[in-house]
Amino acid sequence: MKSYIIIVAVTLFFVSCSRKSETELWKEGQSAVASGKYQVAIEQYQEILDRFHDTPYADSALYRIAVIYNNDIHDYPKAAQYYIKYHSVFPNSKEAPTALFLSAFIYNNELHKLDSAKILYEQFLQQYPSHPLAHSATYEVETLGKDPSEFINKEMTTQESSAQKT
C-alpha cells in the first residue's frame, strides 16, 4: 500500500511538471500553423483556453482558432462559431468588433444564412457604429440576398453618368 501511494505521488509529480506553459503552447501553436499542421495548432490554442483562460494568451488563442478555421481549414460553420464565441468571451478586446463582423460575413457569403447574417450585422452596427467596418456592414445589410451583378451594373452606370457630366 505504501509503495502504491509513492507511485501515485511520483506519477502526479511528473505529470504536473510535464505540462507546458502558456508561452510554450503558444509557440508550438504558431509553429504548427507555419508548418500547415492546423489541427495541432488548434489543440495547442485550445489547451491555452482550457488551462489559462484568464490570460492575454487566451484572448489571442481563441481568435487564432477562429482564423485557422476560416482562412486555413475553410470550415466556415466552425469559424463563425469561434468568432461569435470570441466576441462573447472577450467583448472589450480590440478584435471583438472584427470577430463579430467576420461572423456575419461568413453567415452571409459562405453559409448563405441571410437571417443570421442580418442579425449579426445589425448587432455590429448597433455596438460599433463608428468602427471602420461599419460602412461595409451597412452595405452588406443593404445587399443581403441580392444578385451581385445588379450592383455591379448599377455602379458602372453611376460611374458612366459621372464621367459624362465632367
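What's counted below: heavy atoms across the whole structure, side chains too, no hydrogens, waters or symmetry copies. Worth saying up front: this structure is predicted, and the values here are computed from it rather than measured.
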| Gln30 vs Trp26, side chain to side chain donor-acceptor pair (under 3.5 Å): CA-CA, chis, key distance, verdict | CA-CA 6 Å; Gln30 288 181 309; Trp26 179 258; 3.3 Å; yes

| Any Tyr45 side-chain heavy atom under 4.5 Å of Leu25 side chain | no

| Should Leu100 and Ile119 be counted in the same cluster of Ile, Leu, Val, Met, Phe, Trp and Tyr side chains packed under 4.5 Å apart? | no

| query | Below 4.5 Å, heavy atoms only, C-beta onward: do Lys78 and Ile65 meet side chain to side chain? | reply | no

| message | Quiz question: by atom type and distance under 3.5 Å, do the side chains of Tyr86 and Asp59 form a donor-acceptor pair? | response | yes

| said: Donor-acceptor check, side chain of Asn109 to backbone of Phe105, threshold 3.5 angstrom: yes or no? | reply: yes

| said: Contact between Leu62 and Ile48 at the side-chain level, heavy atoms closer than 4.5 Å - yes or no? | reply: no

| remark: When rounded to the nearest 0.5 Å, the distance separating CD1 of Ile106 from OG of Ser116 is 12.5 Å

| message | Are the side chains of Tyr83 and Val67 in contact, using a 4.5 Å heavy-atom criterion? | response | yes

| Heavy atoms, side chains only, cut-off 4.5 Å: are Gln39 and Ile42 in contact? | yes

| Is the shortest heavy-atom distance from the side chain of Gln123 to the side chain of His87 under 4.5 Å? | yes

| Can you check whether Ile84 reaches Leu120 side chain to side chain, under 4.5 Å on heavy atoms? | yes

| field | More than 12 heavy atoms of other groups within 6.0 Å of Asp115 CG | value | no

| query | Do Lys20 and Glu28 meet the salt-bridge criterion of a basic N to acidic O distance under 4.0 Å? | reply | yes

| query | If you take all heavy atoms of Ala117 and Ala104, which pair is closest and at what distance? | reply | CB-O, 3.6 Å

| query | Do any N or O atoms from the side chain of Ser31 and from the backbone of Lys27 form a donor-acceptor pair under 3.5 angstrom? | reply | no

| said: Are Tyr139 and Leu144 connected into the same hydrophobic cluster when the rule is that any two of I, L, V, M, F, W, Y join if their side-chain heavy atoms are below 4.5 Å apart? | reply: no

| remark: Between Asn108 and the options Lys118, Glu140, Lys113, the side-chain hydrogen bond (donor to acceptor under 3.5 Å, both in side chains) test singles out Glu140

| request: Answer yes if the ring centres of Phe101 and Phe124 are under 6.0 angstrom apart, and no otherwise. | output: yes

| So how far is it from Tyr107 OH to Leu114 CG, rounded to the nearest 0.5 Å? | 12.5 Å

| Are any of the side-chain heavy atoms of Glu110 and His74 separated by less than 4.5 Å? | no

| With hydrophobic residues grouped by side-chain heavy-atom distances under 4.5 Å, do Tyr57 and Val40 end up in a single group? | no

| Non-neighbouring partners of Thr98 that pass side chain to side chain contact (heavy atoms under 4.5 Å, CB included), sequence neighbours left out | Tyr63, Glu95, Leu102, His131, Leu133

| task | Of all the heavy-atom pairs spanning Tyr128 and Pro97, show the shortest one and how long it is. | result | CE2-CG, 3.5 Å

| Residues Tyr76, Tyr69; criterion side-chain contact (heavy atoms from CB on, under 4.5 Å); working and verdict | CA-CA 7 Å; Tyr76 299 114; Tyr69 278 123; over 6 Å; no

| query | Taking everything shown except His53 itself, do over 12 heavy atoms lie less than 6.0 Å from its NE2? | reply | no

| said: Checking Glu24 against Gln44 for the side-chain contact (heavy atoms from CB on, under 4.5 Å) test, could you report, in this order, the C-alpha distance in whole Å, the side-chain angles of both residues, the deciding distance, and whether it holds? | reply: CA-CA 9 Å; Glu24 290 171 313; Gln44 299 305 314; over 6 Å; no

